[in-house]
Amino acid sequence: MITATNISKRFGDLEVLKQINMEVDTGKVIVIIGPSGSGKTTLLRCLNLLEQPESGSLTIDTQTIDFRDKISKHNIRNFRRLSGMVFQTYNLFPHFTAIENVMEGPVIVQKVKKTEARQKAEGILAKVGLKEKADTYPYQLSGGQQQRVGIARAMAIDPKVMLFDEPTSALDPELIGEVLQVMKQLAEEGRTMVVVTHEMNFAKEVADEVIFMDEGAVVERGTPFEVFEQPKEERTKRFLNLLKE
């Protein structure tokens, strides 16, 4: 589903991604962990072309972009439609109700009729446990509910892959579980997902592969058992030990 080859990204003199290679098979869940500033979020944003790498290539489904070539805005728009992004902050339109937020992508991007988009949005909101909140505005929702609307909005465009950028980091501890439960449900349904998170229990339970990043590079990768219980690299061991303290 996803092949990232030699992805490199700089911000000025700072090299934030160093020749990243990654493959994600259809229906698999990849969890990326690592310390702050390790390049996790930048990698995720490159997969969605919110950031454009200086070099390398990226394939999602049947579409490939080579970053050595000039890329048109049309190509970027088409490529972004392949993935649904869920951000740290909910980024909901405050003047739209929950269901209007979910309808926005299908109506504006996919040119779906509003009646059809509303019917579809109602089904997705029910799936994330918010059927009764369809006509509620974001300010009337808890943080966990807003993030579930964010997930529903990403799902509404039928993406090939779901990208999650620390989706629980802005939530109070008691609200984290409801968002993780929705993500687990998506994983069980066979959704292709790439998740940046600090929730290690989620990674252990749900991931097919865990990638540990530090200083813009992939340090270690493997199954949750291999990375968490039998890490090979000293940098991985130090990171995991700090989490236990």
Side-chain angles (χ1 to χ4, degrees), residues 1-11 14-34 36-89 91 105 109 147 150-151 153-169 183 186-187 190-199 202-203 206-221:
M1 179 59 72
I2 302 176
T3 302
T5 305
N6 296 328
I7 297 294
S8 295
K9 174 67 181 173
R10 306 184 73 93
F11 293 119
L14 179 63
E15 189 176 20
V16 292
L17 294 177
K18 305 171 184 176
Q19 301 284 305
I20 300 293
N21 293 285
M22 183 174 72
E23 290 190 355
V24 184
D25 291 335
T26 301
K28 299 299 184 182
V29 179
I30 307 301
V31 173
I32 304 173
I33 64 172
S36 298
S38 59
K40 308 184 299 295
T41 290
T42 301
L43 174 58
L44 208 65
R45 290 174 66 85
C46 285
L47 296 182
N48 191 245
L49 297 191
L50 291 173
E51 300 288 353
Q52 192 165 312
E54 277 79 36
S55 62
S57 65
L58 177 62
T59 298
I60 298 182
D61 197 27
T62 59
Q63 293 192 38
T64 298
I65 286 185
D66 190 325
F67 295 107
R68 294 171 298 181
D69 302 331
K70 184 175 176 61
I71 305 168
S72 70
K73 290 182 179 179
H74 175 74
N75 285 344
I76 290 173
R77 281 196 301 270
N78 285 340
F79 205 82
R80 281 186 183 153
R81 291 175 185 176
L82 299 172
S83 60
M85 187 92 166
V86 180
F87 300 89
Q88 294 180 32
T89 51
N91 287 353
V109 176
Q147 190 60 292
I151 294 172
R153 181 179 59 182
M155 292 168 60
I157 60 169
D158 296 318
K160 296 293 184 180
V161 59
M162 296 277 289
L163 307 174
F164 295 84
D165 182 19
E166 298 190 18
T168 60
S169 64
M183 293 170 64
L186 295 177
R191 292 264 182 176
T192 307
M193 297 163 57
V194 181
V195 183
V196 171
T197 185
H198 291 295
E199 299 294 333
F202 174 84
V206 178
D208 294 291
E209 182 181 43
V210 176
I211 294 175
F212 172 65
M213 289 184 65
D214 189 36
E215 296 184 350
V218 173
V219 176
E220 188 159 357
R221 68 179 79 201

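We number each residue from 1, following the sequence as shown.
With contacts defined as side-chain heavy-atom distances shorter than 4.5 Å, the pair M155/L186 qualifies. Side-chain contact between I33 and M213 is absent, with no heavy-atom pair separated by less than 4.5 Å. Under the 4.5 Å side-chain criterion, counting only non-hydrogen atoms from C-beta, V206 is not in contact with V31. Side-chain contact check for I151 versus M162: some heavy-atom pair is nearer than 4.5 Å. Side-chain atoms of K40 and I211, non-hydrogen and from C-beta on, never get closer than 4.5 Å to each other. Using a 4.5 Å heavy-atom cutoff, the side chains of M85 and R45 are in contact. Side-chain contact between T197 and E166 is absent, with no heavy-atom pair separated by less than 4.5 Å. Looking at V218 and N21, their side chains never come closer than 4.5 Å, going by heavy atoms from C-beta outward.
Taking CG from L43 and NZ from K9, the interatomic distance works out to 12.5 Å, rounded to the nearest 0.5 Å. Summarising the geometry, atom CZ belonging to F67 is positioned 5.0 Å from atom CG belonging to L58; distances are rounded to the nearest 0.5 Å. With values rounded to the nearest 0.5 angstrom, I7 atom CD1 is found 7.5 Å from L47 atom CG. Rounded to the nearest 0.5 angstrom, T42 OG1 and R10 CZ are separated by 13.0 Å. To the nearest 0.5 angstrom, I30 atom CD1 is 9.5 Å from T192 atom OG1. Here the CD atom belonging to E23 is positioned 10.5 Å from the CD1 atom belonging to I2, to the nearest 0.5 angstrom.
Closest heavy-atom contact between P167 and V196: CD-O, 3.7 Å. The two residues I20 and A217 make their nearest non-hydrogen contact at CD1-CA, 4.0 Å. The two residues M183 and V195 make their nearest non-hydrogen contact at CE-CG1, 3.7 Å.
Residues forming a ring-ring contact (aromatic ring centres under 6.0 Å, His included) with F164 (at least two apart in sequence, or on another chain): none.
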As a quick check of understanding, evaluate side-chain contact (heavy atoms from CB on, under 4.5 Å) for T168 and H198, giving each step before the final call.
CA-CA 9 Å; T168 60; H198 291 295; over 6 Å; no
Does L163 form a side-chain contact (heavy atoms from CB on, under 4.5 Å) with F87? I'd like the steps, not just the answer.
CA-CA 8 Å; L163 307 174; F87 300 89; over 6 Å; no
Show the numbers, then the answer: is there a side-chain contact (heavy atoms from CB on, under 4.5 Å) between I32 and V194?
CA-CA 7 Å; I32 304 173; V194 181; 3.8 Å; yes
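Looking only at atom types and distance, the side chain of N48 has a donor-acceptor partner in the side chain of S83 under 3.5 Å away. Using modelled atom types, one finds a donor on one side chain and an acceptor on the other under 3.5 Å when comparing D165 with T41. No side-chain N or O of E54 forms a donor-acceptor pair with one of S8 less than 3.5 Å apart. Checking T59 against T3 by side-chain atom types alone, no donor-acceptor pair falls below 3.5 Å.
Side-chain N or O atoms of Q147 include none that pairs as donor or acceptor with a backbone N or O of V86 at under 3.5 Å. The main-chain N or O of L49 is found under 3.5 Å from a side-chain atom of R80 such that the two form a donor-acceptor pair. Looking at K18, its side chain does come within 3.5 Å of a backbone N or O of E215 through a donor-acceptor pair. Not a single donor-acceptor pair under 3.5 Å links the side chain of T89 to the backbone N or O of N91.
Taking a 6.0 Å sphere around CD of Q63, one finds it holds more than 12 heavy atoms contributed by other residues, nucleotides or ligands.
Within the structure, salt bridge (charged side-chain N to carboxylate O under 4.0 Å, His left out) pairs that include any residue of residues 60-71 comprise D61-K160, D66-R68 (at least two apart or interchain).
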